[in-house]
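No experiment lies behind these values; they were computed from the predicted model shown.
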Amino acid sequence: IRFTKSLKASIEHRGSVFSEKDGKSLSSSGEREDWISSLSLWYQTPVATWDEPLPPAEKRVAPYKILLATQLKMRAKPDKTEKSIAGISFRPEVPDGEIEFDFEIDETGRYRFSAVLLDAVFGSRYQPFLDDTPLGPVLDMNSKGGDWREYVFDLHDLSKGTHTFKLSGRGASPRRRTIGPKLLGVGISTLILLRMEDMQGYQ
């Protein structure tokens, strides 16, 4: 998009609004306090800069708590794990293997909870749990490549203290290769927590 003087792009932050307490619809097109990040790049002649300094990083980045799997207390059945710079590889070679990690909550609140997991050619099907509560459907961690990606498991009210994230094996993937080792694996890199009460505008 070419421009000579100015260019404006806007995002309408309206949509369905519902009560977090009872799930009732408050509006089908109400103003929302969504958190939106954006990046704009442009090529300019002649080169120009701006005088206003950027806000400090802590004002621009949400206060995520990043927990490395390699630094958490871990249990695995069977005990077939391997540590690397990227995280923990679990290759139980049985369809019902389980791996779990304990983590600490410093302050009671409502948390957005997610995990960075690896799907790979020898990946299998796993059910994620938080404190023995299932986190959505079974995940199929089998893929032709080998990609780390974040799985977001919604919001949870967590009390101060120790909590547990578990991946429980649910058998081989229907996409598994017909030949090769039956490792039935999964990889875990990090757990990510965001306390909603620490976010400006959260109600």
Side-chain angles (χ1 to χ4, degrees), residues 35 37 61-196 198-199:
W35 299 302
S37 298
V61 179
Y64 292 105
K65 184 175 181 180
I66 309 296
L67 306 173
L68 299 178
T70 54
Q71 296 178 2
L72 297 175
K73 184 178 179 181
M74 174 187 67
R75 295 172 296 280
K77 297 185 298 185
D79 188 11
K80 293 189 175 182
T81 61
E82 184 178 327
K83 289 185 179 182
S84 69
I85 295 174
I88 301 289
S89 293
F90 179 50
R91 296 176 171 179
E93 300 179 4
V94 295
D96 57 350
E98 288 189 346
I99 185 167
E100 55 187 14
F101 299 86
D102 292 337
F103 63 94
E104 296 296 321
I105 291 292
D106 299 325
E107 191 172 1
T108 296
R110 179 163 290 175
Y111 287 83
R112 176 186 183 271
F113 179 76
S114 61
V116 177
L117 306 175
L118 174 68
D119 54 33
V121 67
F122 298 121
S124 190
R125 298 171 67 245
Y126 282 88
Q127 173 65 59
F129 291 87
L130 178 59
D131 296 331
D132 293 323
T133 298
L135 296 173
V138 172
L139 303 177
D140 191 335
M141 306 308 297
N142 182 277
S143 73
K144 291 181 179 179
D147 299 311
W148 293 98
R149 70 183 182 101
E150 182 182 4
Y151 289 82
V152 179
F153 298 119
D154 210 350
L155 303 179
H156 302 273
D157 293 323
L158 300 178
S159 59
K160 180 178 179 180
T162 304
H163 296 267
T164 302
F165 173 66
K166 178 172 68 175
L167 291 166
S168 182
R170 292 295 186 265
S173 167
R175 299 196 300 259
R176 74 183 186 278
R177 298 187 65 180
T178 56
I179 59 173
K182 304 298 187 286
L183 300 178
L184 302 170
V186 66
I188 306 95
S189 172
T190 54
L191 305 183
I192 304 173
L193 295 161
L194 177 61
R195 187 172 183 270
M196 305 309 293
D198 296 334
M199 296 292 291

Write down the atom of [X], the atom of [Y], and the distance for their closest heavy-atom approach.
| X | Y | value |
| --- | --- | --- |
| Leu118 | Gly146 | CD1-C, 3.7 Å |
| Lys80 | Glu93 | NZ-OE1, 3.3 Å |
| Lys160 | Thr108 | N-OG1, 2.9 Å |
| Ser124 | Gly171 | OG-O, 2.7 Å |
| Gly97 | Pro78 | CA-CD, 4.3 Å |
| Gln127 | Pro137 | OE1-C, 3.8 Å |

Gap separating the [atom1] atom of [X] from the [atom2] atom of [Y], nearest 0.5 angstrom:
| X | Y | atom1 | atom2 | result |
| --- | --- | --- | --- | --- |
| Asp106 | Arg195 | CG | CZ | 10.5 Å |
| Glu100 | Lys73 | CD | NZ | 9.5 Å |
| Arg176 | Phe122 | CZ | CZ | 12.5 Å |
| Phe90 | Glu82 | CZ | CD | 13.0 Å |
| Glu104 | Lys65 | CD | NZ | 7.5 Å |
| Ile188 | Met141 | CD1 | CE | 8.5 Å |

#### Entry: side chain to side chain contact (heavy atoms under 4.5 Å, CB included) between Leu139 and Val186, intermediate numbers included
CA-CA 10 Å; Leu139 303 177; Val186 66; over 6 Å; no
### Message
If the threshold is 4.0 Å, N to carboxylate O, is there a salt bridge linking Lys77 and Asp96?
### Response
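Judged by the 4.0 Å cut-off on N to carboxylate O distance, Lys77 and Asp96 do not form a salt bridge.
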### Task
With side chain to side chain contact (heavy atoms under 4.5 Å, CB included) as the test, would you mind laying out the steps for Ile105 and Tyr111 before giving the verdict?
CA-CA 10 Å; Ile105 291 292; Tyr111 287 83; 3.6 Å; yes
### Task
Return the orientation label for the Phe153 and Phe165 ring planes: parallel under 30°, perpendicular over 60°, tilted otherwise.
tilted
### Ser114 side chain to Glu150 side chain, donor-acceptor N/O pair below 3.5 angstrom
yes
### Query
Distance only, no hydrogens: is a donor on one side chain within 3.5 Å (strictly under) of an acceptor on the other, for Asp102 and Thr162?
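No.
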### Task
Could you note down all residue pairs passing ring pair (Phe, Tyr, Trp, His ring centres under 6.0 Å) where residues 126-151 supplies at least one of them, sequence neighbours left out?
none
### Message
Would the distance check show the side chain of Ser189 and the main-chain N or O of Ala86 forming a donor-acceptor pair, the cut-off being under 3.5 Å?
### Response
yes
### Message
Main chain of Asn142, side chain of Asp119: is a donor-acceptor contact present, judged purely on distance under 3.5 Å?
### Response
no
#### Entry: Sole candidate of Ser168, Pro95, Pro174 that passes side-chain contact (heavy atoms from CB on, under 4.5 Å) when paired with Arg125
Pro174
